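Since the model is a prediction, treat every value here as computed from it, not as a measurement. Atoms considered below: every heavy atom in the structure, side chains included; atoms not considered: hydrogens, waters and symmetry mates.
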Amino acid sequence: MKKLLMGVAAIAAVVMGAGAAQAADAAAGKDVFKVCMACHTAEQGKNKVGPSLFGVVGRPAGSIEGFKYSAPMKEKGAGGLVWTAENLDAYIKAPKEIVPGGTMAFAGLKDDAKRADLIAFLSEQK
(Lines give C-alpha, C1' and ligand atoms only; values in the text may rest on other atoms or scores of the structure.)
Protein backbone atom coordinates (compact mmCIF):
# COMPACT_ATOMS: atom_id res chain seq x y z
CA MET A 1 0.00 0.00 0.00
CA LYS A 2 2.83 2.38 0.90
CA LYS A 3 4.52 1.75 -2.48
CA LEU A 4 1.24 2.41 -4.28
CA LEU A 5 0.76 5.74 -2.49
CA MET A 6 4.35 6.76 -3.25
CA GLY A 7 3.82 5.87 -6.93
CA VAL A 8 0.62 7.89 -7.11
CA ALA A 9 2.36 10.84 -5.44
CA ALA A 10 5.25 10.64 -7.93
CA ILE A 11 2.88 10.56 -10.91
CA ALA A 12 0.92 13.50 -9.51
CA ALA A 13 4.14 15.48 -9.07
CA VAL A 14 5.15 14.82 -12.68
CA VAL A 15 1.72 15.80 -14.00
CA MET A 16 1.60 18.95 -11.88
CA GLY A 17 5.14 19.86 -12.92
CA ALA A 18 4.29 19.40 -16.59
CA GLY A 19 1.23 21.59 -16.16
CA ALA A 20 3.30 24.31 -14.52
CA ALA A 21 5.87 24.21 -17.32
CA GLN A 22 3.13 24.51 -19.94
CA ALA A 23 1.63 27.47 -18.12
CA ALA A 24 4.76 29.61 -18.70
CA ASP A 25 4.19 32.19 -21.44
CA ALA A 26 7.26 33.52 -23.26
CA ALA A 27 5.25 36.39 -24.78
CA ALA A 28 4.21 37.49 -21.29
CA GLY A 29 7.84 36.99 -20.22
CA LYS A 30 8.93 39.52 -22.83
CA ASP A 31 6.80 42.09 -21.00
CA VAL A 32 8.30 41.05 -17.66
CA PHE A 33 11.77 41.46 -19.20
CA LYS A 34 11.10 45.21 -19.50
CA VAL A 35 11.98 45.44 -15.79
CA CYS A 36 15.38 43.88 -16.55
CA MET A 37 16.12 46.19 -19.47
CA ALA A 38 17.43 48.97 -17.25
CA CYS A 39 20.58 46.86 -16.79
CA HIS A 40 20.43 43.95 -19.28
CA THR A 41 19.74 43.23 -22.94
CA ALA A 42 18.68 40.04 -24.67
CA GLU A 43 20.96 40.85 -27.61
CA GLN A 44 23.99 38.70 -28.25
CA GLY A 45 27.24 40.48 -27.45
CA LYS A 46 25.58 43.63 -26.10
CA ASN A 47 26.19 44.21 -22.40
CA LYS A 48 24.96 47.11 -20.31
CA VAL A 49 25.59 47.57 -16.59
CA GLY A 50 24.65 43.89 -16.39
CA PRO A 51 25.63 41.19 -18.86
CA SER A 52 23.62 40.26 -21.93
CA LEU A 53 21.02 37.63 -21.11
CA PHE A 54 21.15 36.22 -24.63
CA GLY A 55 21.78 32.49 -24.22
CA VAL A 56 21.73 32.72 -20.43
CA VAL A 57 19.77 29.49 -19.93
CA GLY A 58 22.37 26.74 -19.73
CA ARG A 59 25.32 29.15 -19.48
CA PRO A 60 27.79 28.97 -16.59
CA ALA A 61 27.50 31.93 -14.22
CA GLY A 62 30.01 34.72 -14.75
CA SER A 63 31.18 33.44 -18.11
CA ILE A 64 30.72 36.20 -20.71
CA GLU A 65 34.19 37.04 -21.97
CA GLY A 66 35.14 40.64 -21.27
CA PHE A 67 32.28 41.43 -18.89
CA LYS A 68 33.40 42.61 -15.46
CA TYR A 69 31.54 40.38 -12.99
CA SER A 70 31.63 40.81 -9.24
CA ALA A 71 34.01 38.54 -7.33
CA PRO A 72 31.10 36.60 -5.73
CA MET A 73 29.57 35.92 -9.17
CA LYS A 74 32.94 34.76 -10.53
CA GLU A 75 33.29 32.46 -7.51
CA LYS A 76 29.83 30.98 -8.08
CA GLY A 77 30.67 30.33 -11.72
CA ALA A 78 34.04 28.79 -10.81
CA GLY A 79 32.18 26.64 -8.29
CA GLY A 80 29.95 25.20 -11.02
CA LEU A 81 26.83 27.36 -10.94
CA VAL A 82 25.04 27.04 -14.28
CA TRP A 83 21.97 29.08 -15.14
CA THR A 84 19.44 26.29 -15.45
CA ALA A 85 15.78 27.24 -15.33
CA GLU A 86 15.71 26.18 -11.68
CA ASN A 87 18.79 28.22 -10.74
CA LEU A 88 17.52 31.26 -12.63
CA ASP A 89 14.20 30.95 -10.85
CA ALA A 90 15.89 30.99 -7.44
CA TYR A 91 18.23 33.84 -8.45
CA ILE A 92 15.51 36.04 -9.95
CA LYS A 93 13.40 35.48 -6.83
CA ALA A 94 16.17 36.45 -4.38
CA PRO A 95 19.49 37.43 -6.02
CA LYS A 96 21.29 38.23 -2.77
CA GLU A 97 20.46 34.81 -1.34
CA ILE A 98 21.95 32.98 -4.33
CA VAL A 99 24.97 35.25 -4.83
CA PRO A 100 25.64 37.01 -1.51
CA GLY A 101 27.75 40.10 -2.07
CA GLY A 102 26.91 40.22 -5.78
CA THR A 103 26.36 43.57 -7.45
CA MET A 104 22.88 43.03 -8.89
CA ALA A 105 20.78 45.78 -7.33
CA PHE A 106 17.45 44.12 -8.19
CA ALA A 107 15.63 43.03 -5.01
CA GLY A 108 13.93 40.08 -6.68
CA LEU A 109 10.71 39.08 -8.39
CA LYS A 110 8.45 37.28 -5.94
CA ASP A 111 5.63 36.42 -8.38
CA ASP A 112 6.07 32.74 -9.38
CA ALA A 113 4.10 33.07 -12.63
CA LYS A 114 6.02 36.14 -13.77
CA ARG A 115 9.34 34.42 -13.05
CA ALA A 116 8.22 31.38 -15.04
CA ASP A 117 7.17 33.60 -17.93
CA LEU A 118 10.46 35.50 -17.82
CA ILE A 119 12.47 32.28 -17.86
CA ALA A 120 10.37 31.01 -20.78
CA PHE A 121 11.27 34.21 -22.66
CA LEU A 122 14.96 33.93 -21.76
CA SER A 123 14.97 30.29 -22.86
CA GLU A 124 14.04 31.44 -26.37
CA GLN A 125 16.92 33.92 -26.55
CA LYS A 126 19.55 31.83 -28.32
Side-chain angles (χ1 to χ4, degrees):
M1 181 68 170
K2 188 176 181 180
K3 286 183 181 180
L4 176 63
L5 289 175
M6 289 176 62
V8 170
I11 291 170
V14 168
V15 170
M16 288 172 60
Q22 292 173 354
D25 180 353
K30 186 175 183 179
D31 285 336
V32 177
F33 185 73
K34 291 176 184 175
V35 173
C36 310
M37 290 175 65
C39 299
H40 298 277
T41 70
E43 296 176 50
Q44 185 174 16
K46 185 175 181 186
N47 299 315
K48 293 172 97 175
V49 173
S52 169
L53 298 180
F54 180 88
V56 70
V57 178
R59 182 171 73 207
S63 65
I64 292 181
E65 190 69 35
F67 185 80
K68 187 173 179 166
Y69 291 97
S70 66
M73 183 63 77
K74 288 180 195 176
E75 290 170 12
K76 288 288 187 175
L81 178 63
V82 173
W83 293 125
T84 62
E86 295 79 16
N87 288 338
L88 278 169
D89 184 60
Y91 184 68
I92 295 166
K93 183 176 184 179
K96 298 295 184 190
E97 288 181 22
I98 304 304
V99 183
T103 56
M104 188 153 111
F106 185 64
L109 180 60
K110 306 305 179 209
D111 186 301
D112 293 341
K114 287 183 179 180
R115 282 195 323 277
D117 292 344
L118 176 59
I119 293 166
F121 170 73
L122 291 173
S123 294
E124 293 182 346
Q125 308 309 302
K126 43 184 165 178

Engineer: With a 3.5 Å distance limit and no angle check, can you tell me whether K93 reaches the backbone of G108 through a side-chain donor-acceptor pair?
Structural biologist: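 Such a contact is absent between K93 side chain and G108 backbone.
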
Engineer: Distance-only check: which donor-acceptor pairs under 3.5 Å involve side-chain atoms of residues 118-125, not counting sequence neighbours?
Structural biologist:
| residue | atom | partner | partner atom | Å |
| --- | --- | --- | --- | --- |
| S123 | OG | I119 | O | 2.8 |
| Q125 | NE2 | F121 | O | 3.1 |

Engineer: Check whether any side-chain N or O of D25 sits under 3.5 Å from a backbone N or O of D117 as a donor-acceptor pair, and report yes or no.
Structural biologist: no

Engineer: Which heavy atom of P72 sits nearest to which heavy atom of P100, and what is that distance?
Structural biologist: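 For P72 versus P100, the nearest heavy atoms are CB-O, 3.4 Å.
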
Engineer: Minimum heavy-atom separation for V35 to F106, with atom names?
Structural biologist: CG1-CE1, 3.8 Å

Engineer: Listed by chain and number, what are the ring pair (Phe, Tyr, Trp, His ring centres under 6.0 Å) partners of F67, not counting sequence neighbours?
Structural biologist: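 Counting only residues at least two positions away or on another chain, F67 forms a ring pair (Phe, Tyr, Trp, His ring centres under 6.0 Å) with Y69.
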
Engineer: Got K126 and V57 here, is their nearest side-chain heavy-atom distance under 4.5 Å?
Structural biologist: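 The answer is no; the side chains never approach within 4.5 Å.
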
Engineer: Under 3.5 Å, sequence neighbours excluded: what are the donor-acceptor pairs made by side chains of residues 42-50?
Structural biologist:
| residue | atom | partner | partner atom | Å |
| --- | --- | --- | --- | --- |
| N47 | OD1 | S52 | N | 2.7 |
| K48 | NZ | M37 | O | 2.5 |

Engineer: Rounded to the nearest 0.5 Å, how far apart are NE2 of H40 and CE of M104?
Structural biologist: 5.5 Å

Engineer: Considering only residues two or more places apart or on different chains, which pairs with a residue in residues 82-102 satisfy ring-ring contact (aromatic ring centres under 6.0 Å, His included)?
Structural biologist: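 Of all non-adjacent pairs touching residues 82-102, those that pass ring-ring contact (aromatic ring centres under 6.0 Å, His included) are W83-Y91.
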
Engineer: For A105, give me all partners under side-chain contact (heavy atoms from CB on, under 4.5 Å), at least two apart in sequence or on another chain.
Structural biologist: none

Engineer: Of all residues at least two apart in sequence or in a different chain, which pass the side chain to side chain donor-acceptor pair (under 3.5 Å) check with R115?
Structural biologist: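 Testing R115 for side chain to side chain donor-acceptor pair (under 3.5 Å), a comparison that skips the adjacent residues, returns D89, D112.
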
Engineer: Would you please name every residue forming a side chain to side chain donor-acceptor pair (under 3.5 Å) with D111, sequence neighbours left out?
Structural biologist: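 Not a single residue meets the side chain to side chain donor-acceptor pair (under 3.5 Å) criterion with D111.
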
Engineer: Is there any salt bridge (charged side-chain N to carboxylate O under 4.0 Å, His left out) pair reaching into residues 28-39, and which pairs are they, with sequence neighbours excluded?
Structural biologist: D31-K34

Engineer: List in chain and number order the residues that pass ring pair (Phe, Tyr, Trp, His ring centres under 6.0 Å) with F54, two or more places apart in sequence or in another chain; answer none if no residue qualifies.
Structural biologist: none

Engineer: What residue pairs, at least two apart or across chains, pass side chain to side chain donor-acceptor pair (under 3.5 Å) with a residue in residues 71-82?
Structural biologist: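 Qualifying pairs: none.
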
Engineer: Output all residues satisfying side-chain contact (heavy atoms from CB on, under 4.5 Å) with T84, sequence neighbours left out; order by chain, then residue number.
Structural biologist: V82, E86, N87

Engineer: Determine whether more than 12 heavy atoms belonging to other residues, nucleotides or ligands lie under 6.0 Å from atom NZ of K68.
Structural biologist: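 Result for NZ/K68: open.
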
